[in-house]
Protein chains: 2
Amino acid sequence: MRETGRDQPYHHGDLRRVIIETAMDMLVEQQAWKFTLREVARRAGVSHNAPYKHFTDKAALLNELAFLGFDRLHDSLSLAVRAGGGDFAAELDEMAQAYLRFGAENPALYHLMFGADVAAAAELHMEPRALAPFDLLLEVLRRGQLAGEVIDRPVRGLAAACWAQLHGLTTLKLDGLLRPEKVGEDAIAQALGTLRSGMQMR
Amino acid sequence: MRETGRDQPYHHGDLRRVIIETAMDMLVEQQAWKFTLREVARRAGVSHNAPYKHFTDKAALLNELAFLGFDRLHDSLSLAVRAGGGDFAAELDEMAQAYLRFGAENPALYHLMFGADVAAAAELHMEPRALAPFDLLLEVLRRGQLAGEVIDRPVRGLAAACWAQLHGLTTLKLDGLLRPEKVGEDAIAQALGTLRSGMQMR
DNA sequence: ATCCTATGTTGACAATAGCAACATTGCTTG
DNA sequence: CAAGCAATGTTGCTATTGTCAACATAGGAT
């Protein structure tokens, strides 16, 4: 017996989607990386156990969010590559900027995507959705090699270097560790420059 | 009234140290990054609230551990530099290896040192103890510049590049994200090579 | 000797993840 | 079209945690 009358039917009808959206909203809004299932349920206007009918676990929901994060990251990077307009140097630069921007704009989401909180992070990152951004990077680098602008070494290794550098800069930046007193004024730009030089392009 | 008799006196006498050591042991042992104050107290054989007489907060203890982590990291890096025997390239290489090894051997501690869980991570990282490893890197790079083996650019920027690369590689590795299928066989070595090239040395 | 204070302990509270038992419905199948 | 079943929500519970408050003990200063 529900006292509210005809509004809010017993069966929500689309709870899974709503839960995901609510949770994603919370992640994007919130700076700090805290996350309770019950809070999500509360915001979704549903009982504290309803989410368990759609996700076996808190980790399951988190995984879903992480995947969505990779989708968004991939979209951002794709756009950036397009903005590069065929010029390799521009493409890579745009990608780097887009990557860093993504992290800066979605701190909690980024932490979720790469943090150790996600159960079985290793498996998650081998899923196609999580691999998409990396594949994009691989393509760009391959084209760079074809254009003779990137040193002739295994692409995957070069991609790893790019990725690690971007990931490192992103997380350090997110946690407020790239303070000018410590690292100089435009540390990020300089680091990216070092990376470029390392891959030998002008 | 304690029923245990004369062993375990009411006042421990050295609880603060024991708590820190216990907590550090837990962090070093444990792969996963979970940490409850009560568990520390339990292992230390003390009531669940005893730690609060020595640390205002859970975060306070974590900060202490993080500082100890930086001390250890600094020690490891210092040893590595010495192992380099004056040759810049060797010094930097040893340092990089030592850094990565530190992360690999102390996953939970590393996460603690750089994770967002630590309250006020930004401030923490500006403390001298946390800056020591970075300062060491700065020195090595400066000597490299004097020896003409490192490109003449602001050291802090170069250091940021090194640091971000190492930090990125470390965390990615820790979370099991540098899978060979994704990133090639010796991604780490290649990434370090790219970094070296970027700083222009032979 | 006496008291004060640092240090420990017990007991509470609120919040959380997750389990179990129960309620409500829409869809299926006879 | 009726009966019932499975999906979806809800309430209530347990174990655990961080932290606060009140109390206990003991070592050292007065």
Side-chain angles (χ1 to χ4, degrees), chain A residues 1-23 26-27 30 32-66 108 111-112 115-120, chain B residues 1-23 26-27 30 32-66 108 111-112 115-120:
Chain A
M1 72 283 291
R2 68 175 187 285
E3 72 295 346
T4 44
R6 68 235 162 281
D7 47 0
Q8 302 297 71
Y10 191 90
H11 283 99
H12 185 291
D14 204 17
L15 226 203
R16 186 187 162 87
R17 178 187 318 276
V18 170
I19 286 177
I20 291 177
E21 285 173 359
T22 305
M26 286 173 59
L27 266 188
Q30 100 196 117
W33 162 228
K34 272 138 198 160
F35 196 95
T36 74
L37 253 190
R38 285 166 112 102
E39 173 73 13
V40 176
R42 236 171 275 137
R43 287 217 205 181
V46 95
S47 85
H48 65 94
N49 253 349
Y52 283 94
K53 301 296 171 176
H54 299 273
F55 303 92
T56 65
D57 223 326
K58 182 180 178 178
L61 173 56
L62 262 30
N63 277 12
E64 196 65 42
L65 295 181
H111 265 131
L112 170 61
D117 288 25
V118 180
Chain B
M1 72 281 294
R2 68 177 187 284
E3 72 294 347
T4 43
R6 70 236 164 278
D7 48 359
Q8 303 294 74
Y10 191 91
H11 284 98
H12 186 291
D14 203 17
L15 226 203
R16 186 185 162 89
R17 178 188 317 278
V18 170
I19 286 177
I20 291 177
E21 286 173 359
T22 305
M26 285 173 60
L27 266 187
Q30 100 197 116
W33 163 227
K34 272 137 197 161
F35 197 94
T36 74
L37 252 191
R38 284 169 113 103
E39 173 72 13
V40 175
R42 238 170 275 140
R43 288 215 203 182
V46 95
S47 85
H48 65 94
N49 253 349
Y52 282 91
K53 301 296 171 176
H54 299 273
F55 304 91
T56 66
D57 222 329
K58 181 180 179 178
L61 173 54
L62 293 183
N63 278 12
E64 196 64 44
L65 295 181
H111 265 131
L112 170 61
D117 288 25
V118 181

Gap between atoms [atom1] and [atom2], on [X] and [N] respectively (whole Å):
{"X": "A:Ile19", "N": "C:dA17", "atom1": "CD1", "atom2": "C1'", "result": "15 Å"}
{"X": "B:Leu15", "N": "C:dG8", "atom1": "CG", "atom2": "P", "result": "4 Å"}
{"X": "A:Tyr52", "N": "D:dT11", "atom1": "OH", "atom2": "P", "result": "16 Å"}
{"X": "A:Leu61", "N": "C:dA17", "atom1": "CG", "atom2": "C1'", "result": "13 Å"}
{"X": "B:Arg16", "N": "C:dG8", "atom1": "CZ", "atom2": "P", "result": "12 Å"}
{"X": "B:Lys34", "N": "D:dG18", "atom1": "NZ", "atom2": "C1'", "result": "18 Å"}
{"X": "B:Asp14", "N": "D:dG27", "atom1": "CG", "atom2": "C1'", "result": "16 Å"}
{"X": "B:Phe55", "N": "D:dG18", "atom1": "CZ", "atom2": "C1'", "result": "16 Å"}

Using a 4.0 Å heavy-atom cut-off, does [X] contact any base of the nucleic acid, only the sugar-phosphate backbone, or nothing at all?
{"X": "A:His48", "value": "base"}
{"X": "A:Arg42", "value": "sugar-phosphate"}
{"X": "B:Phe35", "value": "sugar-phosphate"}

Practice prompt. Using heavy atoms to find the nearest nucleotide of DNA chain C for B:His54 and A:Thr36 separately, return the residue whose nucleotide is more 5′.
Written response: B:His54
Worksheet entry | Side-chain-base donor-acceptor pair under 3.5 Å for B:Lys58 and D:dG18 | no
Worksheet item: Any donor-acceptor pair under 3.5 Å joining the side chain of A:Arg38 to the base of C:dA15?
Response: no
Item to complete: By nearest nucleotide on DNA chain D, pick out whichever of B:Lys53 and B:Asp57 is the more 5' one.
Response: B:Asp57
Practice prompt. Using a 4.5 Å cut-off on heavy atoms from C-beta on, say whether the side chain of B:Phe55 contacts that of B:Ile20.
Written response: yes
Worksheet entry | Presence of A:Ser47 side-chain N/O under 4.0 Å of D:dT11 phosphate oxygens OP1/OP2 | no
Discussion item. I need the B:Leu62 CG to B:Leu37 CG distance, nearest 0.5 Å.
Written reply: 7.5 Å
Would you check if the side chain of [X] reaches a backbone N or O of [Y] as a donor-acceptor pair within less than 3.5 Å?
{"X": "B:Lys53", "Y": "B:Leu15", "answer": "no"}
{"X": "B:Glu39", "Y": "B:Arg43", "answer": "no"}
{"X": "A:Arg38", "Y": "A:His48", "answer": "no"}

